[in-house]
Amino acid sequence: MELVSEVMMTFYYLLIILITVVFSFKTKKRHYKNLPPTPPSLPIIGHLHLVKPPLHRALRNLSTKYGDVFSLGFGFRQVVVVSSPSVVEECFTKNDVVLANRPQLLAAKHIGYNSTNMVDTPYGDHWRNLRRIGATEIFSSGRLNLFVGIRRDEVKRLLFKLSHHKDWQKVELKSMLQELLYNILMRMVAGKRCDNNDMVNKEEARRYRDTLRVALGLAGAGNSAETFYRF
């Protein structure tokens with residue numbers, strides 16, 4: 001039994017070493033040219049060990065040592081940190097097209113219809129077409145004015161609930177503002193509210209709220225697997 005356990009431990013160690021070598025090779029496979037200064041990195045994880053909460057202070061400490069523009073590697077992901085207002089202005093004016101692309105993420109793949117919506121799609125002809133449609137059909141002054149009655153009605157409903165609450169100082173505004181947002185979106189898209197008291201199908205209202213809450217949560221959250229694997 002002891003011999004078997006020693007053989008298994010040796011096998012596990014060799015497997016870990018093999019995985020480390022493979023990942024180290026893959027992470028160094030892509031060579032980026034003209035990168036800004038970068039701190040020393042570790043195999044596989046890159047600079048993840050340098051990023052500690054609070055994030056803004058960790059990046060500030062690195063900027064004082066490596067300059068206003070420096071690069072970090074998070075597994076397969078290469079990140080450039082810019083902390084100078086003048087450089088940020090240059091990035092979003094002169095070089096905005098170069099920096100207009102978007103990373104391919106899991107949330108964009110499964111929620112953003114394989115990265116084909118306006119938020120997640122890479123910069124190109126498809127994105128420009130979506131932007132044109134959005135500017136004329138969604139965010140134009142005419143479209144916004146068309147739904148101004150919906151927004152006013154939902155705000156009045158919210159104020160009415162607040163005015164009739166027993167103790168308005170203990171009101172949880174976060175949930176009420178979420179309900180306001182969901183109802184406005186639902187009425188603009190489908191012409192009906194998602195409030196349990198107003199919708200005939202309460203199960204449909206619950207599923208809508210849960211789906212939207214999960215989608216918004218995933219859109220603003222990171223996934224550690226995306227750091228070490230290209231999807």
Taking a hydrophobic cluster as the set of Ile, Leu, Val, Met, Phe, Trp and Tyr residues connected by side-chain heavy atoms closer than 4.5 Å, whether directly or through intermediates, do V214 and V119 fall within one such cluster?
no
Which heavy atom in P36 sits nearest to a heavy atom in S71, and how many Å separate them?
O-OG, 3.3 Å
Nearest 0.5 Å, please: how far is CE in M188 from CD1 in I150?
6.5 Å
To the closest 0.5 Å, what do you measure between CG (N129) and CZ (R132)?
5.0 Å
CD1-CG distance between I45 and L42, expressed to the nearest 0.5 angstrom
4.5 Å
L181 and E154: side chain to side chain contact (heavy atoms under 4.5 Å, CB included), yes or no, with the steps?
CA-CA 9 Å; L181 172 64; E154 292 300 328; over 6 Å; no
For R60, I'd like to know if atom CZ has over 12 heavy atoms of other residues, nucleotides or ligands within 6.0 Å.
no
Assess whether a salt bridge exists between E89 and K94, defined as any Lys/Arg side-chain N lying under 4.0 Å from an Asp/Glu carboxylate O.
no
If you round to the nearest 0.5 Å, how far is CZ of F70 from CG of L35?
13.0 Å
Looking at K161 and E179, is any side-chain nitrogen of the basic one under 4.0 Å from a carboxylate oxygen of the acidic one?
yes
Give the intermediate values and the outcome of side chain to side chain contact (heavy atoms under 4.5 Å, CB included) for residues R143 and E137.
CA-CA 7 Å; R143 287 291 182 179; E137 300 295 335; 2.9 Å; yes
Which hydrophobic side chains are connected to V148, either touching it within the sub-4.5 Å cutoff or through other members that do?
none
Electrostatic pair R128-D125, nearest N-O below 4.0 angstrom:
yes
Spacing of I184 atom CD1 and R157 atom CZ [to the nearest 0.5 Å]:
11.5 Å
State whether K109 and D120 are salt-bridged, where the test is any N-O pair (Lys NZ or Arg NE/NH1/NH2 against Asp/Glu carboxylate O) under 4.0 Å.
no
Give the C-alpha distance, both sets of side-chain angles, the deciding distance and a yes or no for side chain to side chain contact (heavy atoms under 4.5 Å, CB included) between T121 and S115.
CA-CA 5 Å; T121 189; S115 301; 5.5 Å; no
Set out, in order, the CA-CA distance, both residues' side-chain angles and the distance that settles side chain to side chain contact (heavy atoms under 4.5 Å, CB included) for L72 and L59, then state yes or no.
CA-CA 10 Å; L72 297 176; L59 297 179; 4.1 Å; yes
Selection residues 120-156 - residue pairs positive for ring-ring contact (aromatic ring centres under 6.0 Å, His included), sequence neighbours left out
Y123-W127
Measuring from atom CG of L177 to atom CG of L158, what distance do you get when rounded to the nearest 0.5 angstrom?
6.5 Å
Could you pull out all residues at least two apart from L50 that satisfy side chain to side chain contact (heavy atoms under 4.5 Å, CB included)?
P39, H47, L62
